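Step one of this worksheet: look at the structure below.
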Amino acid sequence: MGNTASPLGFIGLGSMGEPMALNLVQAGMPLLVWNRSEAKTARLASAGARVAANAADVFAGADTIILMLADDLAIDAVLGRDSAGFAVRVRGKTIVHMGTTSPAYSRRLEADLRSVGARYVEAPVSGSRKPAEAGTLVAMLAGEAQTVAEVSALLRPMCREVTVCGAVPNALLMKLAVNIFLISTVTGLAESVHFAARQGLDLQQLVRILDAGQMASDVSRVKAPKLVERDFAVQASIPDVLKNNRLIAEAAREAGIASPLLDVCHALYEETLALGHDSEDMVAVLTAIETRTSAEPGVSSFARDLAPWLAMAQRQ
């Protein structure tokens, strides 16, 4: 994977990428970074990272390059995948894809990279900005065994757990499976808080009971207070949740897998986005639930639509 003098490349310093890269620098790792918005490189430069003039310079100066980018279009752009220079840019390099894209895209990307002499590791993470800042993300890795082992060691400053999932695209499929639980958990928590509020219960007492019981988790301990305080400051944004929802739904449909809870969540997060919460945290889904209650007091539209089916089932 190159000599020890070669820096590690890091492209993509967004909400997650910036703290992840900072943890690498603070662990003493030589880092060469680039971001489309130059302002995002300031903290990394102050911490000791070298800032590249452009994405091509990262590939020229590093043997291993981490990509923490928003989507497949951004990844293809920095790789120059649709250009004649793609092979020259990536040959001999190890590309580590840490963002979240469709498993099908990752499978095709691996094939293209390997065909021109590059190595590839799929390494999505579970966790939002807070775990990224704390270096407690959970990484899921997939790819060729030797390359995965080498990359795994590099990720330790960012992660509390690194799990090898086998061949590409198993890591991304695992990430999507984890996200079904995350999305449905936070949505259920929002509905719980909404129910308690409309019943006139003490919401701080609800939080204490949840924290003391068997349902308590790192997620509930972070998200329940945000819901009660209506703190919608972003950790995992509504558009990002919708993106993950779409990726899971597509993978489920492709495999013929039912996703009933996810489908309900998808509708609620689309309603949340339509209400103008595009720059807020996923707990803002509370507003979509509140809007359904206000639109038809006493019965949600979902319950109304379900009623004929329940009546039919009772008659059978």
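Residue numbers run from 1 in the order of the sequence given. Since the model is a prediction, treat every value here as computed from it, not as a measurement.
- One finds no salt bridge joining D71 and K243 here, because no Lys/Arg side-chain nitrogen approaches an Asp/Glu carboxylate oxygen to under 4.0 Å.
- Between the CD atom of Q26 and the CG atom of L44 there is a distance of 9.5 Å, given to the nearest 0.5 Å.
- The pair R129-E18 meets the salt-bridge criterion, since a charged nitrogen lies less than 4.0 angstrom from a carboxylate oxygen.
- The side-chain heavy atoms of R156 and S152, taken from C-beta on, include a pair separated by under 4.5 Å.
- Here CG of L109 is found 9.5 Å from CG of D72. Values are rounded to the nearest 0.5 Å.
- When only modelled atom types and interatomic distance are considered, S259 and R253 share a side-chain donor-acceptor pair under 3.5 Å.
- Put simply, the side chain of S115 gets close to the backbone of D112: a donor and an acceptor are under 3.5 Å apart.
- Between the side chains of Y105 and D76, a donor-acceptor pair is found at a separation under 3.5 Å.
- In this structure the side chain of P103 reaches within 4.5 angstrom of the side chain of L176, judged on heavy atoms.
- Within a 6.0 Å radius of CZ in R114, other residues, nucleotides and ligands contribute 12 heavy atoms or fewer.
- A salt bridge links R292 and E271; the closest N-O separation between the charged side-chain nitrogens and carboxylate oxygens is under 4.0 Å.
- D278 CG to T272 OG1: the interatomic distance, rounded to the nearest 0.5 Å, is 11.5 Å.
- In this structure, the side chains of H266 and L242 come closer than 4.5 Å at one or more pairs of heavy atoms.
- By the 4.0 Å N-to-carboxylate-O rule, E280 lies too far from K226 to be salt-bridged with it.
- At a threshold of 4.0 Å, the pair R107-E122 does not count as salt-bridged, since none of the basic side-chain nitrogens sits closer than that to a carboxylate oxygen.
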- Task: List the steps and the verdict of side-chain hydrogen bond (donor to acceptor under 3.5 Å, both in side chains) for T147 and Y120.
- Result: CA-CA 8 Å; T147 309; Y120 177 71; over 6 Å; no
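- A distance of 10.5 Å separates CD in E250 from CG in N245, rounded to the nearest 0.5 Å.
- In this structure, the side chains of R50 and V33 stay at 4.5 Å or more apart for every pair of heavy atoms.
- Although no hydrogens or angles enter the test, the distance criterion places a donor-acceptor pair under 3.5 Å between the side chain of D281 and the main chain of Q235.
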- Query: Do R119 and E150 pass the salt bridge (Lys or Arg N to Asp or Glu O under 4.0 Å) test, and can you show the C-alpha distance, the side-chain angles, and the key distance before you say yes or no?
  - Reply: CA-CA 11 Å; R119 299 194 291 177; E150 293 171 355; 3.3 Å; yes
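- Atom CG of L189 is separated from atom CG of L210 by 6.5 Å, given to the nearest 0.5 angstrom.
- Distance CD/Q199 to CG/L206: 12.0 Å, rounded to 0.5 Å.
- Within the 4.5 Å cutoff, the side chain of H97 has heavy atoms near those of the L172 side chain.
- A donor and an acceptor atom, one from each side chain of T100 and K175, are located under 3.5 Å apart.
- A salt bridge is defined here as a Lys NZ or Arg NE, NH1 or NH2 lying under 4.0 Å from an Asp or Glu carboxylate O, and D218 with R160 meets this definition.
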